[in-house]
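Read the structure below first, then the notes.
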2 protein chains.
Amino acid sequence: MPVTIRDVARASGVHISTVSRTFSAPHLVNPETRVRVLACAEDLGYRPNRAARALITGRTHNIGLIIADIANPFFPPLIKAAESQARHRDYHVFVADTNEDAAAEEELVHALAKQVDGVLLCSPRMSNSLIEQLSREVPLVVVNRQLAGLPCVLMDVGQGARCAIEHLAGLGHREIALLAGPRGSWTSRELRRAAGVAARAAGADLTVLGPNPPTEAGGLAQAEQVRRAGVTAVLAYNDLMAIGLLEGLDALGVRVPQEISVVGVDDISLSRLTRPKLTTVATPTAAAGRTAVDMLLQQDTDFPRSGRGGGAAVAVGVRRTTAQVMLQTELVIRDSTAPGPYAGRERPGAAAAGPGPHRRADPGDPIVAAGDVVAS
Amino acid sequence: MPVTIRDVARASGVHISTVSRTFSAPHLVNPETRVRVLACAEDLGYRPNRAARALITGRTHNIGLIIADIANPFFPPLIKAAESQARHRDYHVFVADTNEDAAAEEELVHALAKQVDGVLLCSPRMSNSLIEQLSREVPLVVVNRQLAGLPCVLMDVGQGARCAIEHLAGLGHREIALLAGPRGSWTSRELRRAAGVAARAAGADLTVLGPNPPTEAGGLAQAEQVRRAGVTAVLAYNDLMAIGLLEGLDALGVRVPQEISVVGVDDISLSRLTRPKLTTVATPTAAAGRTAVDMLLQQDTDFPRSGRGGGAAVAVGVRRTTAQVMLQTELVIRDSTAPGPYAGRERPGAAAAGPGPHRRADPGDPIVAAGDVVAS
DNA sequence: TACTTCAGTGCAAAGGTTTGCATAAAGATC
DNA sequence: GATCTTTATGCAAACCTTTGCACTGAAGTA
């Protein structure tokens with residue numbers, strides 16, 4: 001029933017190898033033959049069997065996308081962009097969810113390794129050494145984690161944290177809390193590091209609360225602690241936690257931003273819809289997805305896997321490309337930040353008078369994908 | 001370099017067919033042999049090549065998941081549940097996004113047809129006839145669309161709409177608007193139908209506004225129309241639109257629920273975090289994902305594809321299983337609905353005094369997956 | 001003892017495609 | 001006009017696994 005290359009060959013009166021070449025090496029076949037074959041193929045509704053192709057070429061034209069938590073609104077735009085980019089390059093994407101679990105990550109990479117040409121590891125929770133080990137099993141691109149010798153796509157949350165802290169300090173805040181993310185998160189470590197430095201530089205105190213699950217519940221649960229910590233501003237690991245915190249503070253009767261300012265990270269679409277609208281560090285999620293796919297596929301064409309020929313030509317111990325891309329972030333100032341107790345009280349809308357380095361007048365603007373900095 | 005079945009056979013001193021059987025038909029091999037083979041396989045890190053397996057069995061152990069818009073928070077829980085369920089059955093999931101575009105849907109099904117064992121079509125936008133046609137190309141399970149002769153997973157939004165309208169009518173609302181969803185959406189048609197019937201029964205007028213894109217922007221854009229329509233309550237196609245509407249009404253200075261009550265559909269996690277918290281019809285999204293996968297895989301074992309043997313034994317024109325599952329929905333009453341102008345003013349929290357058939361005291365409860373009704 | 005049954009294993013074909021090599025025909029070079 | 005290229009195509013092996021059939025030897029049956 002399924003139409004194979006053989007049917008097309010018969011219909012167009014050529015050998016199957018000619019049909020094969022019509023698709024995979026068109027320049028090798030006579031233009032007249034080519035159009036005839038293509039017509040027959042179209043006619044019969046022929047689609048090459050990718051399993052058969054994979055079997056002989058060693059490339060499946062599939063990639064794996066391993067995500068910490070699909071339900072976290074940070075990821076869908078990334079998935080969407082990655083899938084779209086892959087499709088344009090004639091690749092398909094397996095999506096798998098690890099529920100923020102390191103062990104599940106490892107198992108998934110193993111399960112996928114043999115049937116994909118590469119894996120995108122998004123916000124992994126497992127250890128660096130394990131990731132390195134896995135990268136010997138299958139080409140890997142890591143998103144939101146920096147690893148020497150491995151291709152990575154990073155978002156410059158350090159820079160974002162600095163902007164956020166400077167923004168808050170500029171508004172007069174001297175006691176700031178950081179709601180840390182989950183254990184094992186590179187982003188959380190980076191945020192903490194950069195926020196610490198920036199706070200010191202601005203003469204502010206930074207209290208770290210956490211680790212926390214990167215969810216609304218995580219933020220909500222810390223509301224009480226935040227109030228007790230006596231801070232006037234909070235930088236949360238992500239928007240979800242920030243939103244949970246808004247909720248929790250509201251329940252405690254603490255007004256935002258009048259009593260406490262809150263800054264998130266990610267700029268998920270939701271953050272425009274909270275009351276007050278959330279000031280946040282926008283991360284170029286979709287760009288990260290696209291870039292990661294490109295890097296993976298690039299790596300794959302540079303160092304082809306064991307095809308029929310040539311495999312042995314590649315020296316043992318060959319170095320993979322290790323380019324690391326850092327995507328810029330941007331502070332988006334909305335309504336959840338306002339002058340602290342040491343400055344005069346003003347209406348939230350006028351908070352933009354502070355010396356924060358980045359500013360956006362219209363919070364409704366789409367995020368423009370930031371310029372890319374290539375390192376290593 | 002990659003370790004094949006042959007390596008395992010050599011290492012354990014048996015024929016490759018014995019190794020194969022160790023994995024795919026363990027009861028056919030001597031227990032002693034089995035443990036030896038398994039040990040060797042484990043030792044060498046052998047993982048069967050799924051492409052080779054697919055080539056001969058005709059089953060890829062992959063399924064396709066076609067989604068109208070991954071970034072719509074309605075879908076991630078469904079994707080997550082489907083992926084998890086599939087994984088437990090040793091299947092992997094291709095995820096693809098159509099951007100709410102009917103043509104993209106068709107193209108994707110075509111592209112996937114040959115390399116998956118079945119496709120889940122979630123909230124399709126294409127025509128019924130096209131879906132039927134595609135179902136002859138590849139086993140299909142449709143979510144959120146009813147098609148005679150095709151397996152479907154439906155959520156009883158009609159029932160949900162009825163509850164919502166009764167709830168609103170019970171609060172005294174007589175002029176109600178329905179914000180319709182996108183053209184081509186079965187859910188939107190169903191909602192409209194059921195809401196119309198319920199409104200008539202309750203002696204209320206129903207004004208339909210739309211179609212609209214199923215996004216915040218879609219709801220936001222209708223705020224002005226809603227105000228001008230002179231209604232006191234609105235049922236929106238989904239929570240996203242409802243949230244956009246909340247936003248839009250706020251911008252217009254219209255208070256919710258004091259002046260206008262708003263009800264959404266879906267109960268996305270976000271709807272607990274708006275101010276006011278959204279009253280909404282909860283749909284069992286995760287259960288739908290699980291059920292759809294089960295139905296697809298069930299269908300697949302009932303009517304195996306052209307394997308090596310047996311294929312010819314299946315009569316032409318064989319009827320596929322066409323079970324349709326209807327999952328129950330539930331009205332979750334929160335703070336965005338309150339008594340209408342014909343009733344006395346009460347504080348929103350007391351709104352639960354109305355005669356709505358479903359009620360939930362604690363809006364923080366997780367949605368319990370509703371019981372399933374099987375039809376056809 | 002002679003026969004059947006059965007568990008366990010090996011053999012080899014098959015699945016659809018790609019690709020190095022061989023062949024053939026046509027064109028270029030001297 | 002003989003030789004060398006070039007271009008287009010055919011041939012057949014290879015990729016890795018599954019599976020119907022055949023074979024062996026041991027246990028069960030009469």
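Throughout, protein chains are lettered first and strands after them, A, B, ... in sequence-line order, and every chain is numbered starting at 1.
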Does A/Asn30 have any side-chain hydrogen bond (donor to acceptor under 3.5 Å, both in side chains) partners at least two apart in sequence or in another chain, and if so, which? none
Contacts to DNA chain D from residues 12-23 of chain B, heavy-atom cutoff under 4.0 Å, which residues? B/Ile16, B/Ser17, B/Ser20, B/Arg21
Applying side-chain contact (heavy atoms from CB on, under 4.5 Å), name anything that partners B/Ala96, two or more places apart in sequence or on another chain. A/Glu83, B/Leu108
List for me each residue that meets side-chain contact (heavy atoms from CB on, under 4.5 Å) alongside A/Pro124, sequence neighbours excluded, and say none if there are none. A/Glu105, A/Leu121, A/Ile131, A/Val142, A/Arg145
Only pairs at least two apart or in different chains count here, so list each side-chain hydrogen bond (donor to acceptor under 3.5 Å, both in side chains) that has a residue in residues 38-48 of chain A. none
If you find the nucleotide of DNA chain C closest to B/Ala52 and the one closest to B/Arg36, which residue's nucleotide is nearer the 5' end? B/Arg36
Can you sort out the partners of A/Phe94 under ring pair (Phe, Tyr, Trp, His ring centres under 6.0 Å), two or more places apart, ordered by chain and number? B/His92, B/Phe94
Would you tabulate the pairs of protein nitrogen or oxygen atoms and nucleotide nitrogen or oxygen atoms of nucleotides 6-8 of chain C closer than 3.5 angstrom?
none

So how far off straight is the helix from C/dT1-D/dA30 to C/dC30-D/dG1, going by the axes through five pairs at either end, to 10°? 40°
Residues at least two apart in sequence or cross-chain that pass salt bridge (charged side-chain N to carboxylate O under 4.0 Å, His left out) with A/Arg125, listed by chain then number, are A/Glu100
Set of side-chain contact (heavy atoms from CB on, under 4.5 Å) partners for B/Arg34, sequence neighbours left out: B/Thr22, B/Pro26, B/Val29, B/Pro31, B/Leu38
Excluding sequence neighbours, so at least two apart, what forms salt bridge (charged side-chain N to carboxylate O under 4.0 Å, His left out) with A/Arg6? none
Set of residues satisfying salt bridge (charged side-chain N to carboxylate O under 4.0 Å, His left out) with respect to A/Arg36, sequence neighbours excluded: none
